[in-house]
Amino acid sequence: MNVLVINCGSSSVKYALFDADENMLISGKRERLGQKSDDRKETHAQAIATIFSELGEHQIDAVGHRVVHGGEECHESCLLNDRVKAEIERHIPDAPMHNPYSLAAIESAQNAVPAVPHVAVFDTAFHSGMPRRATTYAIDQDVAKRHGIRRFGFHGISHQYAAGIAATFVQRPLDELRLITLHLGNGASACAVEFGRSAETSMGNTPLEGLVMGTRSGDVDAGVLLSLLRSGEYDIDALDELLNHQSGLAGLSGLGNDLREIERAAADGHDRARLAINVFAHRARKYIGAYAAAMGGVDVIAFTGGIGENSASMRGRILQRLEFLGVVLDEDRNRDASVVSDKDFARITTERSRVEAIVVKTNEELMIARESRRVVNASTAKPNQAIPIAISGRHCHLTQETFEKLFGKDATPTEYKPLSQPGQFACEERINLIGPRDRIDGVRLLGPLRSVDQIEISRTDEFKLGVDAPVRDSGKVKDSAPITVEGPAGTVHLSEGLICARRHIHMHTNDAEQFGVNDKDEVSIAVVGGERDLIFGDVLIRVKDSYALEMHIDTDEANAAELGRGASGTLQHADVDDVAENVYENVSKVHANVVSVKPKL
Ligand code: AMP
């Protein structure tokens, strides 16, 4: 699927066409677009029309549009329809520099290629799961509700991308990491990415809050605005102009918004330029400290955006005094850090730094293409298509070495019957498990032999054996439970290898496309229509071209849902975690109530 990405700024349009392997086939930018109808400059709509004529013969299967503000209703990427467009329009007052131009670009692109799906990817979406304590302003909640005043956050596409790259850099799963991403460009924001989700971000109800930006003030005491209004010198429009266009680096330095100019002037002793740099760095450092505190720690700090990617001196200044957090800057690496190609990153901390800091080249276009592809695939998926469920009894996978110790030198497994996954088979051979409390005999071996020993049992089996085996993905046996295994020719004590297998679904790549999921995604599967309906959450997707579509659960899980042979389930696109979160929230409300009725002592 070739996805054309259209990224509209207030006076520019960037575009890029990606093929199915994420190769960028063509890209470009049109700048200095007119913002008013009487500007006599090319408008966004006209620019889009020209872009399509330039794309010529290229095949376009979907178009992904970056949209800055989606509000509460559009909290994730979605197909563009009239309802979604109405929401984007409704939020024009909250993003006056962006949403009107995005709408114009969307209309123009839909006219150019009406037959392909168009997807909106929102800057606000990544932050939509922020906890209420982070989205709520401490003002009268009735007023807040009436006027939709809450924190949304922006730059979500860039923060999400940088977080993904940071996880790749430390080679750990995103959902184990605490990250702080700093998108520092003309617009600037910080984000606390806790276990893969945005937990806090510096932009709020509008993209004006937070860090110092090119021409935007970021945080200002709201009392100052009242004073300026009271002074009579400022009306609403003048205040808007002051805070959005005459503040930030430009307002501080008096030299415009380009940090390169400001850094040059500061080196020549320009006092206001120095002040601008110091205020910018100080504010960013404050947010890093605050977010580390909010998350209870930080593993990686990632810099991106025009300033974050290019200004070594600003990065160095921001990271000053953060040794107490475990950040040790490597001056040489920082000076030499260069991220020119996409998917690029550079480390700027020393080997002994407990917290890593990296520079990431932002690639919002690639992120938008990915999201668009996911949305289109999910929309054409057949979510009600049944997924066959196979119930795995306890079984084992053995290495050649262990097999020979149990069954004799030069013994080889004998196939008993083939299994549904191509190349896999059940064997005639069985082994006995000997636990501290009891034993289980006759556990079937599955072939072919593997490179590590892995014994898969159910929770009930664990009670019988008197062991505590962790729930693990197949193949991840490091530090799992020990067990003694017995065969006709000998006994072996395995120091690890005993697991309770995590429920999972094997899928061919074509199935994954159909269902709109990716390898390692977690999904929920509903089993309904029987006596004990159940939704299985945390089901791992495993995609390989050699896999046949099948979900694997163990006997305990099957019994819980009263499943037998020929069972099937359906993939749920609503995340069961969301349901769980609501439950937790309600539970804590109940607790709160209980506390509040505690009798006075
Ligand atoms: P962005 O909005 O992400 O394109 O960032 C634009 C800003 O990045 C410019 O206004 C510059 O202030 C800043 N920038 C770009 N290159 C450099 C550089 N080499 N050194 C310092 N600042 C830079």
Side-chain angles (χ1 to χ4, degrees), residues 5 7-16 27-33 66 68 95 97-98 101 123 154-162 165 181-191 201-203 207-208 210-218 244-268 270 272-281 283-284 302-319 334-342 344-346 348 358-368:
V5 171
N7 183 351
C8 257
S10 50
S11 62
S12 66
V13 177
K14 285 194 244 172
Y15 66 95
S27 68
K29 186 172 184 180
R30 305 193 78 82
E31 293 178 284
R32 284 187 269 282
L33 304 178
R66 173 191 173 211
V68 163
M97 309 278 291
H98 294 93
Y101 309 116
D123 254 4
F154 298 87
H155 284 150
I157 301 164
S158 179
H159 288 299
Q160 190 175 6
Y161 180 77
I165 297 281
T181 50
L182 296 158
H183 179 108
L184 309 178
N186 243 333
S189 68
C191 183
T201 191
S202 57
M203 285 178 170
L208 183 53
L211 302 182
V212 177
M213 308 185 213
T215 61
R216 278 172 262 169
S217 61
N244 276 307
H245 302 290
Q246 295 170 359
S247 298
L249 288 175
L252 283 163
S253 68
L255 298 171
N257 63 346
D258 192 328
L259 184 65
R260 284 163 290 201
E261 291 267 315
I262 297 169
E263 285 180 344
R264 271 194 290 272
D268 290 341
H270 192 291
R272 280 180 62 179
R274 282 185 179 167
L275 180 68
I277 290 169
N278 286 336
V279 176
F280 189 101
R283 181 91 52 91
F303 289 89
T304 192
I307 294 173
E309 289 164 32
N310 296 301
S311 177
S313 71
M314 184 58 86
R315 289 192 303 260
R317 232 170 246 282
I318 291 172
L319 294 182
N334 184 40
R335 191 192 51 235
D336 299 340
S338 144
V339 282
V340 280
S341 71
D342 296 338
D344 216 359
F345 53 82
I348 57 170
I358 58 170
V359 182
V360 175
K361 182 159 176 58
T362 192
N363 195 340
E364 288 176 305
E365 283 73 27
L366 177 62
M367 200 72 212
I368 295 167

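One-based numbering, in listed order, for ligands and for the atoms of each. Numbering of residues begins at 1 and proceeds along the displayed sequence. Small disclaimer: the values here were computed from a predicted structure and weren't measured.
For the pair Arg315 (side chain) and Phe303 (backbone), a donor-acceptor distance under 3.5 Å is absent. Thr304 places a side-chain N or O within donor-acceptor distance of the main-chain N or O of Thr362, the cut-off being under 3.5 Å. A donor-acceptor pair is defined here as one N or O able to donate and one able to accept, closer than 3.5 Å; such a pair exists between the side chain of Ser253 and the backbone of Leu249. Panel note: side chain Arg216, backbone Pro207; a donor-acceptor pair is recorded below 3.5 Å.
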Exercise answer, ligand 1 polar atom pairs (N/O) under 3.5 angstrom:
from	atom 1	to	atom 2	distance (Å)
ligand 1	2 (O)	Asn186	N	2.8
ligand 1	3 (O)	Gly306	N	2.8
ligand 1	8 (O)	Ile307	N	3.4
ligand 1	12 (O)	Asp258	OD1	3.4
ligand 1	12 (O)	Leu259	N	2.7
ligand 1	16 (N)	Asn310	ND2	3.4

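A salt bridge does not link Arg260 to Glu263: none of the charged side-chain nitrogens sits closer than 4.0 Å to a carboxylate oxygen.
Between the side chains of Thr181 and His155, no donor-acceptor pair is found at a separation under 3.5 Å.
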